[in-house]
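All chains are named by letter (A, B, ...) in the order of the sequence lines, taking the proteins before the strands, and each is independently numbered beginning at 1.
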Amino acid sequence: MPELPEVETIVRDLRPELAGRAIVKAQLTHDDVLRGVSRRRLLAALAGARILRLARRAKHAVLELDRGRLVIQPGMSGSLLVHGRALTPEQERYAVLRAELDDGRILVYRDVRRLGTLLLLDAKGWTDYDAALGPEPLDPGLTPEIFAERMARSRSAVKKVLMDQRVIVGVGNIYANEALFAAGIDPSRAADRIDAAGYHRLLAEVRRILQAAIDSKGTTFRDYRTGTGEPGGFQLELMVYGREGEPCRVCGTRLAGTHLIDARATVFCHRCQR
DNA sequence: ACGAGGTCCTGCGAGC
DNA sequence: TGCTCGCAGGACCTCG
């Protein structure tokens, strides 16, 4: 579910709640979310750990501890919440990781589908992990020239490349659809056949849309909730995602839909996107 | 290097 | 009403 704006929202909501706290003990209900770490090692590392800060990198929430980093990839249905009171049975059911804090509250990683993953990385592991990810779209240091150069290395459909976290991070299916519409680019166009002006527009639209989505606290279709448990609001501003068959908000043309690109739902306007 | 297709997992809405 | 089917915001893998 969560793309960059959703994870950014969660991190902003929870950062003040977690900074300086310590984890008293932790519980894990399913091992299948773990990557490269055993249940035993994860729980041992969390118990007694001090939380230095909560950060975001790409679509991941990074809990920086005094003994390494817990990287949380929420996948399609993961979310992070701090509970001040006992969990309801429904919350209990989907709480994959539970970390009891030293102020009595409980940090919960909730994941209904459990396609999300948890990694525990030391300094070297984090450096390597971070280096394999592309640049942050909202980083002012990412120029349109660098963006265009990275994108145009591939002959794949531009939408697929835009969602490739090695090329640029944070953009998933919803915001890829929206940004390509706003930039007037056909999502099936080969990435190496888009000119400098096209990539200039695309980067500008990616940034504008991600920022607007952050301002609205993310896009909620079903599972996603902010760090305070509220739905986001950006679904009200979507121009194409989820609107297949409906009229284009710009020109009125019936919006087209396909699953041919990367087997993901793609919605676009034949007239506005070339 | 690329596209196609499958995998992980559960819930929900559509359609019969 | 109750069932099956297809689909869902992500990331990773193999195969040809």
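One side chain, A:K159 or A:T266, offers a donor N or O that lies under 3.5 Å from an acceptor on the other. Counting only N and O atoms by type, the side chains of A:T117 and A:Q73 include a donor and acceptor under 3.5 Å apart.
Counting non-hydrogen atoms under 4.0 angstrom, A:R153 reaches the backbone sugars and phosphates but no base. Within 4.0 Å (heavy atoms only), A:R93 reaches sugar-phosphate atoms of the nucleic acid but no base atom. Counting non-hydrogen atoms under 4.0 angstrom, A:T219 reaches a base of the nucleic acid.
Under the 4.0 Å criterion applied to side-chain N and carboxylate O atoms, A:R56 and A:E136 are assigned as salt-bridge partners. The residues A:D128 and A:K124 are annotated as salt-bridged, a charged nitrogen and a carboxylate oxygen being separated by less than 4.0 angstrom. Under a 4.0 Å N-O distance rule, the pair A:E205/A:R208 qualifies as a salt bridge. Salt bridge annotation for A:E100-A:R105: absent, with no cationic side-chain nitrogen under 4.0 angstrom from a carboxylate oxygen. Salt-bridge annotation for A:R69 and A:D122: absent, with no side-chain N of the basic residue lying under 4.0 Å from a carboxylate O of the acidic one. A salt bridge does not link A:R274 to A:D186: none of the charged side-chain nitrogens sits closer than 4.0 Å to a carboxylate oxygen.
In this structure, A:H30 atom NE2 and B:dC8 atom C1' are separated by 14 Å, rounded to whole Å. When rounded to the nearest whole Å, the span between CG of A:L119 and C1' of C:dA11 equals 11 Å. In this structure, A:E244 atom CD and C:dC7 atom C1' are separated by 12 Å, rounded to whole Å. Atom CG in A:D192 sits roughly 10 Å away from atom P in B:dG3 (whole-Å rounding). For A:Q73 and C:dC12, the CD to P distance is 6 Å, given to the nearest whole Å. Remark: P of C:dG9 and CD1 of A:I214 are 20 Å apart, rounded to the nearest angstrom. Between the CE atom of A:M163 and the C1' atom of C:dA11 there is a distance of 11 Å, rounded to whole Å. We find that CG of A:L162 is positioned 12 Å from P of C:dA11, with the value rounded to whole Å.
Distances shown here put every side-chain N or O of A:S77 at or beyond 4.0 Å from the OP1 or OP2 atom of C:dG9. Within the structure, every side-chain polar atom (N or O) of A:K160 is placed at least 4.0 Å from both OP1 and OP2 of B:dC2. Look at A:Y175 and you won't find any side-chain N or O under 4.0 angstrom from OP1 or OP2 of C:dG9. Between A:Y94 and B:dG11 there is a side-chain N or O to OP1 or OP2 distance below 4.0 Å.
Rounded to a whole angstrom, the distance from the C1' atom of C:dG9 to that of B:dC2 is 25 Å.
Within residues 255-269 of chain A, the residues that place at least one heavy atom under 4.0 Å from DNA chain C are, in residue-number order, A:H259, A:R264, A:A265. Residues of residues 106-116 of chain A that place a heavy atom closer than 4.0 Å to DNA chain C, in numerical order, are A:R113, A:L115.
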Residues A:R153, A:D192; criterion salt bridge (charged side-chain N to carboxylate O under 4.0 Å, His left out); working and verdict: CA-CA 6 Å; A:R153 286 178 200 168; A:D192 64 348; over 6 Å; no

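Comparing C:dG9, B:dG3, C:dA11 against the side chain of A:S156 picks out B:dG3 as the nearest.
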Show me the dot-bracket string of DNA chain C, counting Watson-Crick or G-U pairs under 3.5 Å, with | for pairs to another strand and [ ] for crossing ones. .|||||||.|||||||

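Every residue meeting the ring pair (Phe, Tyr, Trp, His ring centres under 6.0 Å) condition with A:Y241, not counting sequence neighbours, appears here in chain and number order: A:F221.
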Expected rows: protein N/O vs nucleotides 13-16 of chain C N/O, under 3.5 Å:
none

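In this structure, A:S156 contributes its side chain and A:K160 its backbone to no donor-acceptor pair below 3.5 Å. Formation of a donor-acceptor pair under 3.5 Å by the A:Q91 side chain with backbone atoms of A:T88 is found in this model.
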Give the table of side-chain donor-acceptor pairs shorter than 3.5 Å for residues 40-51 of chain A, with sequence neighbours excluded, one pair per line with atom names and distance.
from	atom 1	to	atom 2	distance (Å)
A:R41	NH2	A:G36	O	3.4
A:R50	NH1	A:G20	O	2.5

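In summary, of the residues considered (A:R114, A:R39, A:R113), a salt bridge (Lys or Arg N to Asp or Glu O under 4.0 Å) with A:D32 occurs for A:R114 alone.
Ring pair A:Y129/A:H60 is tilted by interplanar angle, where 30° to 60° counts as tilted.
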